[in-house]
Amino acid sequence: MDPLNPASFSHRFALRQRHQPALCRRGLRSQNSNLRPRLPRPLIPYLVKLGYRVIVPDVRGYGQTDAPAGIASYTSKTIVKDLVGLLDVLNIRDAVWVGHDWGAWMVWRAALWHPERRRPNWKYQVYFSKESTTAKLNAEIPLFLTTILRSHKDAMYTSVFSESVPIDKRTIADARGAQRSEMLAESELGYHISEYQRHGMEGPLNYYRVHELNWQEESSAGFKLDRIHKPCLMVTAGKDKALPAAWTKDMDKYIPNLMRVHIEDSGHWIMIEQKELANKALGKFLATLDHTSAKL
């Protein structure tokens with residue numbers, strides 16, 4: 001397996017029952033298809049070395065998975081049902097769920113919708129939720145990904161993530177001329193671009209458009225202020241402007257069995273920028289799990 005060559009990855013599954021399964025998910029800025037070129041280098045070999053069977057699917061709207069129209073197809077209940085269905089097809093009852101960004105959002109929702117199956121600047125979201133944003137970003141996918149797939153040390157300005165520019169004035173075009181970050185090899189960035197161009201931005205952006213539907217589903221299911229009692233790990237980064245560590249300060253109130261790890265010198269892409277520390281944190285957490293009992 002060459003982490004920089006997606007063609008070297010196989011979608012076939014070898015059923016090695018001695019391995020504990022780990023289901024990994026990422027978010028919009030690095031779709032799960034892109035976990036094949038990006039995540040394998042720092043994380044997948046590490047998990048395999050620990051004895052885990054790693055499953056990294058494309059979720060609906062991304063890569064080589066279908067991208068159905070309509071935001072109702074992208075609610076947390078539906079996405080989690082897809083992932084649980086995947087585990088059912090693979091005859092896996094229990095797995096450790098690992099997520100980043102929107103992937104973490106899916107993992108937390110999985111703990112609510114299927115507790116028996118789990119172990120352990122918001123304005124830009126308004127811009128992404130606008131239907132008009134789809135066409136704008138579809139026309140600029142290479143520029144969009146070149147601009148946002150960067151470490152905190154070489155971050156670039158774009159009004160898309162501005163705190164002050166009005167929503168209707170934001171544009172990725174103000175980042176014109178952006179060069180590839182050293183965080184990614186040219187082949188990796190190219191693969192990201194080709195995978196996003198496969199279906200366009202409608203599917204990925206739909207995840208930002210289902211907040212009300214998610215609330216309706218979760219409220220009807222009785223999840224209001226619900227607690228997650230499964231063992232969980234939260235890794236925060238000191239330079240993460242998308243998901244600041246301060247936002248997690250009350251998590252312990254709702255997740256009693258929570259392990260926290262903070263990595264100060266890292267931005268949003270913590271598994272790339274500080275892969276050794278991120279792996280160490282995950283390994284420490286996995287070592288606390290009782291693999292003789294249900295793990296999901």
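Each residue takes its place number in the sequence, starting with 1. Any value given below was found using the heavy atoms of this structure, including those in side chains, with hydrogens, waters and symmetry copies removed.
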Quiz item: If you count the non-hydrogen atoms of other residues, nucleotides and ligands that lie under 6.0 Å from CG in D66, is the total more than 12?
Solution: no
So if you build clusters from Ile, Leu, Val, Met, Phe, Trp, Tyr with side-chain heavy-atom gaps below 4.5 Å, do [X] and [Y] land together?
| X | Y | result |
| --- | --- | --- |
| I193 | M156 | no |
| I172 | V165 | no |
| V126 | L137 | yes |

Exercise. Check the pair D88, V84 against side-chain contact (heavy atoms from CB on, under 4.5 Å), reporting the backbone distance first and the verdict last.
Key: CA-CA 6 Å; D88 287 341; V84 170; 4.0 Å; yes
Are any non-hydrogen side-chain atoms of [X] and [Y] less than 4.5 angstrom apart?
| X | Y | answer |
| --- | --- | --- |
| H229 | P256 | yes |
| T146 | H192 | no |
| E264 | K239 | yes |
| H152 | D265 | yes |
| M106 | V59 | yes |
| F285 | K280 | no |
| K253 | D250 | yes |
| V160 | F128 | yes |

What's the spacing between [X] [atom1] and [Y] [atom2] if we round to 0.5 Å?
| X | Y | atom1 | atom2 | value |
| --- | --- | --- | --- | --- |
| N279 | L47 | CG | CG | 7.0 Å |
| D154 | R180 | CG | CZ | 10.5 Å |
| E140 | M201 | CD | CE | 12.0 Å |
| L149 | S181 | CG | OG | 8.5 Å |
| S76 | W113 | OG | CH2 | 6.5 Å |
| L258 | I228 | CG | CD1 | 9.5 Å |

Would you name the heavy atoms of [X] and [Y] that are closest together and state the gap between them?
| X | Y | answer |
| --- | --- | --- |
| S73 | T78 | O-CG2, 3.6 Å |
| A95 | L87 | CB-CD1, 4.4 Å |
| I270 | A278 | O-CB, 4.1 Å |
| A237 | H262 | C-CE1, 3.8 Å |
| V235 | A281 | CG2-CB, 4.1 Å |
| A178 | T147 | CB-OG1, 3.9 Å |

Practice problem: Would you please name every residue forming a side chain to side chain contact (heavy atoms under 4.5 Å, CB included) with L277, sequence neighbours left out? | Solution: I263, Q274
Quiz item: Considering residues at least two apart in sequence or located in another chain, which fulfil the side chain to side chain contact (heavy atoms under 4.5 Å, CB included) criterion with A173?
Solution: T171, R176
Any donor-acceptor N/O pair, [X] side chain to [Y] backbone, under 3.5 Å:
| X | Y | result |
| --- | --- | --- |
| E273 | G267 | yes |
| R198 | Y62 | no |
| Q179 | G177 | yes |
| D58 | G63 | no |
| H199 | T65 | yes |
| W97 | A110 | no |
| R209 | K130 | yes |

Practice problem: Report the residue from Y127, F144, Y124 that forms a ring-ring contact (aromatic ring centres under 6.0 Å, His included) with F161. | Solution: Y124
Quiz item: Can you tell me if R260 and T248 form a side-chain donor-acceptor pair at under 3.5 Å?
Solution: yes
Practice problem: Please test K230 against N257 for side-chain contact (heavy atoms from CB on, under 4.5 Å), starting from the C-alpha separation and ending with a verdict. | Solution: CA-CA 7 Å; K230 297 294 182 180; N257 198 0; over 6 Å; no
Quiz item: What do the steps show when you test W269 against D240 for side-chain contact (heavy atoms from CB on, under 4.5 Å), and what is the final call?
Solution: CA-CA 8 Å; W269 309 112; D240 188 348; over 6 Å; no
Exercise. Could I get the full list of salt bridge (charged side-chain N to carboxylate O under 4.0 Å, His left out) partners for E217, not counting sequence neighbours?
Key: none
Practice problem: Before giving the answer on salt bridge (Lys or Arg N to Asp or Glu O under 4.0 Å), spell out for K77 and E218 the whole-Å C-alpha distance, their side-chain angles and the decisive distance to 0.1 Å. | Solution: CA-CA 8 Å; K77 182 180 181 180; E218 294 171 8; over 6 Å; no
Exercise. Starting from the C-alpha separation in whole Å, work towards a yes-or-no answer on side-chain contact (heavy atoms from CB on, under 4.5 Å) for D82 and R60.
Key: CA-CA 8 Å; D82 286 348; R60 59 176 66 199; 2.6 Å; yes
Self-check item: Y74 ring center near Y208 ring center (under 6.0 Å)
Solution: no
